[in-house]
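Indexing begins at 1, ligand by ligand and atom by atom, following the structure's order. All of these numbers come straight from a predicted model, not from anything done at the bench.
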Amino acid sequence: MSGREKPVVLVGAGMHGRVVRDLCRDAKIEVAGFLDDFTPLGTRVDDLEILGTLERLKDTVFLQSRRFIVTIGNNLARQTIADLIEANGGSLATAVHPNCVISPSAKIGAGTVLIGANMVFTRAEIGKNALIDPDATIGAESILEDSVYICPGVHLGSRVHVRKQAFIGLGAVVLPSTVIGRLSIVGAGAVVNRDVPNETLAMGNPAVSKGRAVMDNVSPYPARRRDA
Ligand SMILES: CC(C)(COP(=O)(O)OP(=O)(O)OC[C@H]1O[C@@H](n2cnc3c(N)ncnc32)[C@H](O)[C@@H]1OP(=O)(O)O)[C@@H](O)C(=O)NCCC(=O)NCCS
């Protein structure tokens, strides 16, 4: 990262915020501090200060003097806040751990983080505000839409398509050319060998649908919401 880039503010000082703080240190991305609605102004979180609440995202001068990464695990909340930042004239930063291997032909959107030990193969495309946890691999020509959450140890084959705000749990494997629907949840350890429709919970090996997945806008790790 060039020394002339604006410092980054991490929006959300919870566990994911602290993880991204570590990533930024390794990636030599300057971090100015956190914004958080639940931690008092001036509190130190690791080596950084809470600079205020999310109200500061309405301050144009502040917005334009910084870049932002929304470090909230919940896919819906992350996207809503990132959209607000951009609508108010702010810009999102991308953070990729230096130990990742990224094809030069791959594309990674603004606001996305790759936490570490990730491989992103040829012509893969990752959208905005995606959260890619450690040791996840993204196959060649795969497409990940905005605000997806890919948990540690997930392996996506080539030409997998993960639609907006889907969540793929720890260690899941998605076979090539499979589509994971919008807002769907894939359970930990699943082996997905056929398309998962939108808003569907799928789990097991082979993964089967267990009903409708309904994500709230709070939980960092979505749990299944059983059909009433
Ligand atoms: C799939 C998942 C969303 C289901 O959550 P849930 O609805 O709260 O499920 P429950 O714990 O009530 O379990 C319901 C049933 O599904 C089974 N089950 C739960 N998760 C499962 C999984 N990943 N694979 C296979 N079976 C699973 C349970 O054993 C239980 O079976 P039973 O009814 O025969 O006893 C959740 O278990 C999961 O895998 N979450 C992903 C967690 C994750 O990866 N977090 C990331 C941390 S970085």
Test side chain to side chain donor-acceptor pair (under 3.5 Å) applied to Thr71 and His16, step by step: CA-CA 6 Å; Thr71 47; His16 179 48; 5.9 Å; no

Under-4.0 Å salt bridge between Arg182 and Glu199: no

Does the distance from a Lys or Arg side-chain N to an Asp or Glu carboxylate O, for Lys6 and Glu30, drop under 4.0 Å? no

Quick note on ligand 1: atoms under 4.0 Å from a heavy atom of Cys151 include exactly 44 (O), 46 (C)

Under 3.5 Å, N or O to N or O, is Leu170 touching ligand 1 that way? yes

Out of Gly153, Gly189, Ala188, who is nearest to atom 24 (N) of ligand 1 when you count heavy atoms only? Ala188

Ligand 1-proximal atoms of Ala190, by part, heavy-atom distance under 4.0 Å: neither

Would you say Phe68 and Leu57 make side-chain contact, with heavy atoms under 4.5 Å? yes

Distance under 4.0 Å to a non-hydrogen atom of Gly169: what atoms of ligand 1 satisfy this? 44 (O)

Give the atom numbers and elements of ligand 1 that come within less than 4.0 Å of a heavy atom of Pro152. 48 (S)

So do the side chains of Leu114 and Val120 get within less than 4.5 Å of each other, counting heavy atoms only? yes

In terms of atom number and element, which parts of ligand 1 are under 4.0 angstrom from non-hydrogen atoms of Gly187? 1 (C), 23 (N), 39 (O)

When you compare the side chain of Arg66 with that of Val8, does any pair of heavy atoms fall below 4.5 Å? no

